[in-house]
Amino acid sequence: MNASAEPRPSNFIRDIILDDLKTNKYAGRVQTRFPPEPNGYLHIGHAKAICLDFGLADEFGGKTNLRFDDTNPSKEETEYVDSIMEDVKWLGFHWDGLFYASDYFDQLHEWAVQLIKAGKAYVDDLSADEIRKYRGTLTEPGKNSPYRDRPVDENLDLFARMKAGEFPDGSRVLRAKIDMASPNLNMRDPVMYRILHASHHRTGDKWCIYPMYDYAHGQSDSLEKITHSMCTLEFEDHRPLYSWFIQQLGIFPSQQIEFDRLNLTYTLLSKRKLLQLVQNKQVSGWDDPRMPTICGIRRRGYTPEAIRNFCGAIGVSKTNGSIELAMLEHFVREDLNRHALRVMAVLRPLKVVIDNYPENQVEEMDAVNNPEEPAAGSRKVPFSRVLYIEQDDFREEPPPKYFRLSPGREVRLRYAYFITCTSVVKNEKGEVVEVHCTYDPATRGGNTPPDGRKVKSTIHWVSAAHAIDVEVRLYDNLFTKEDPGQTEEGKDFTSNLNPNSLEVVSHAKLEPSLAAAPAGSRYQFERLGYFCVDPGSAPGKPVFNRTVALKDAWARVEKKQSGKP
RNA sequence: UGGGCCGUCGACUAAUGGUAGGUCAAGUGCCUUUGGAGCACUUUGUCUAGGUUCGAAUCCUAGCGGCCCAGCCA
């Protein structure tokens with residue numbers, strides 16, 4: 001059973017399936033496939049395709065295969081195969097058949113021979129360069145290759161010798177004989193096989209000729225009896241070719257349906273460019289929490305549920321657009337708000353001394369684990385005379401609408417007491433390094449005192465003597481531009497890299513309950529955001545990644561204030 | 001410039017000839033022991049011009065705008 005799908009609005013692909021079901025086009029069957037090329041890690045754009053392929057089949061009681069499109073041995077590796085399987089499973093989907101395009105190399109070869117015999121394919125001796133010249137341009141038709149009308153026997157012989165490894169890479173190709181004057185360049189005698197003396201991750205050195213995508217994909221779909229073969233818009237021009245091979249071969253008529261690829265603001269979703277970031281060490285790896293890869297956002301703390309909800313919400317169409325990153329962030333917050341345990345952490349500590357609190361006293365305060373989920377219970381948090389609060393939560397001269405601590409002002413310490421700031425201690429530079437307060441014993445637990453006085457703000461804190469020291473990594477967008485591909489003349493996308501996308505806070509203070517938090521566990525640091533334990537944490541010293549900040553109403557006010565000086 | 005595809009609030013997406021609706025964002029208010037969450041409310045949209053029709057986002061025509069295609073990549 002696949003991850004259950006929330007009721008989603010319909011879309012044009014579902015409508016096609018509904019229609020096919022009604023007309024009994026495929027005997028009531030729905031069979032899809034997710035066909036990644038194992039040449040990189042999966043990213044959030046693939047998640048959209050995965051949710052579609054698996055989700056739609058699941059909805060109609062159909063099946064989905066995972067098929068690795070491994071027709072180009074020079075780029076593909078088992079490392080990628082393994083990561084792809086892990087990521088699909090993590091997203092919550094289960095494939096029915098597990099296949100590789102390379103499973104079909106023998107059959108594909110046999111069909112190629114069949115097409116040669118039918119006069120529909122020929123061996124071309126033209127070089128890659130010459131082929132390009134013969135292809136014509138967008139506005140001019142191509143010219144027939146001088147080898148186009150080679151007799152069948154000669155084609156058969158040459159193709160057999162290509163397969164036998166008699167010719168060097170690039171010396172010959174097998175081409176489909178279609179129409180060099182077609183306005184669709186894909187139909188101008190597309191290459192079916194090229195010579196590549198390369199070792200394949202699964203077939204080893206068995207082959208030195210490898211099928212092209214166009215020749216392999218449709219037939220692979222057909223062999224698996226795929227009914228609805230979804231792919232992205234850029235393959236629209238390939239559909240006539242997809243259908244042409246299937247028709248010439250007279251095999252199961254899979255149909256290709258194209259939808260719009262996911263674009264996200266401030267994000268790059270190109271395997272090539274992501275690989276470049278990894279190779280140039282501009283990120284720490286494919287799973288850098290700033291990467292839009294599945295493994296990256298997993299390490300960042302996103303949940304499969306959030307990603308699935310996001311994919312469901314964005315819908316599917318043929319419009320070329322870009323989703324705002326805020327949409328993705330909304331769905332993590334929504335999920336984490338419901339499930340993440342709350343905890344108190346101080347990122348940038350400011351020492352607070354409660355002058356009227358007994359010197360060596362420690363109290364255990366009751367703190368709710370998750371107000372959204374009463375069953376999550378509560379925990380004890382130690383309170384004492386010396387605390388840390390957030391530097392942001394104190395202003396010596398509070399701006400308008402700033403409700404937090406400042407001289408003479410009273411605030412609530414969450415789950416603890418009301419405190420009033422009485423004085424500050426500054427260093428030589430005039431910076432406030434210590435705040436002195438008094439507390440009101442009648443407000444224990446944070447309760448409103450008998451006199452009913454209210455406080456405008458509640459702030460978080462940790463007990464200095466009990467807090468554990470942790471590293472916290474704060475992430476911002478990897479790119480500074482909405483469309484990172486949009487660059488100035490002569491510059492590439494890396495010029496849009498955000499130099500401040502990672503901020504390491506080495507000595508954050510965290511309540512002691514999390515000393516042994518396991519890798520991958522997710523929490524809300526109250527008033528700050530959602531954080532998860534990085535898998536690279538050393539035992540006893542957790543490292544936290546910020547998944548996403550909480551929405552911050554004060555930040556908006558502050559921004560507005562500074563925007564209109 | 002040949003071919004293919006696509007134009008609906010700021011973003012994404014519904015409405016399948018019959019009330020332009022939802023989500024995100026933005027804003028306002030309520031509530032609040034997280035300036036979180038929640039709740040309520042609000043703003044903004046059918047690319048343009050013609051046509052068909054009782055009625056058009058939807059059908060037709062013509063414009064305009066955007067994306068994709070000239071790998072022996074997928």
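Residue numbers begin at 1 in each chain, while the letters A, B, ... track the order of the sequences. Predicted model only: the values in this text are computed from it and were never measured.
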request  = Spell out, as yes or no, whether a donor-acceptor pair under 3.5 Å connects the side chain of N309(A) to the backbone of A306(A).
outcome  = no

query = Going by heavy atoms in the side chains, are F105(A) and T203(A) under 4.5 Å from each other?
reply = yes

F479(A) ring center within less than 6.0 Å of Y266(A) ring center = no

inquiry  = So that I know where these two stand, are F525(A) and F531(A) an aromatic pair - ring centroids less than 6.0 Å apart?
reply    = yes

message = Measuring only the P atom in each nucleotide, how far is G7(B) from A14(B)? A whole number of Å is fine.
response = 10 Å

task = Please work out if V368(A) contacts a base, only the sugar-phosphate, or nothing of the nucleic acid, heavy-atom cut-off 4.0 Å.
result = nothing

ask   = Under 4.0 angstrom, heavy atoms only, what part of the nucleic acid is Y415(A) near: base, sugar-phosphate, or nothing?
value = base

Heavy atoms under 4.0 Å is the rule here; annotate [range] 5' to 3' with B where the base is hit, S where only the sugar-phosphate is, and - elsewhere.
range: nucleotides 15-21 of chain B; answer: -B-----
range: nucleotides 34-40 of chain B; answer: BBBS---
range: nucleotides 66-74 of chain B; answer: -SBBBSBBB

task = Using the test ring-ring contact (aromatic ring centres under 6.0 Å, His included), find all partners of Y402(A) that sit at least two apart in sequence or belong to another chain.
result = W554(A)

request  = Name all residues meeting the ring-ring contact (aromatic ring centres under 6.0 Å, His included) criterion together with Y193(A); count only those two or more places apart in sequence or in a different chain, and write none if there are none.
outcome  = F159(A), Y215(A)

message = Could you report the tightest heavy-atom contact between L269(A) and N263(A), atom names first, then the distance?
response = CD1-CA, 4.5 Å

ask   = Can you tell me if the side-chain N/O atoms of S317(A) get under 4.0 Å from OP1 or OP2 in U13(B)?
value = yes

ask   = Would you write out the dot-bracket form of RNA chain B, 5' to 3', with Watson-Crick and G-U pairs under 3.5 Å, [ ] for crossing pairs, | for pairs to other strands and . for unpaired bases?
value = .((((((..((((....[..)))).(((((.......)))))....(((((..]....))))))))))).....

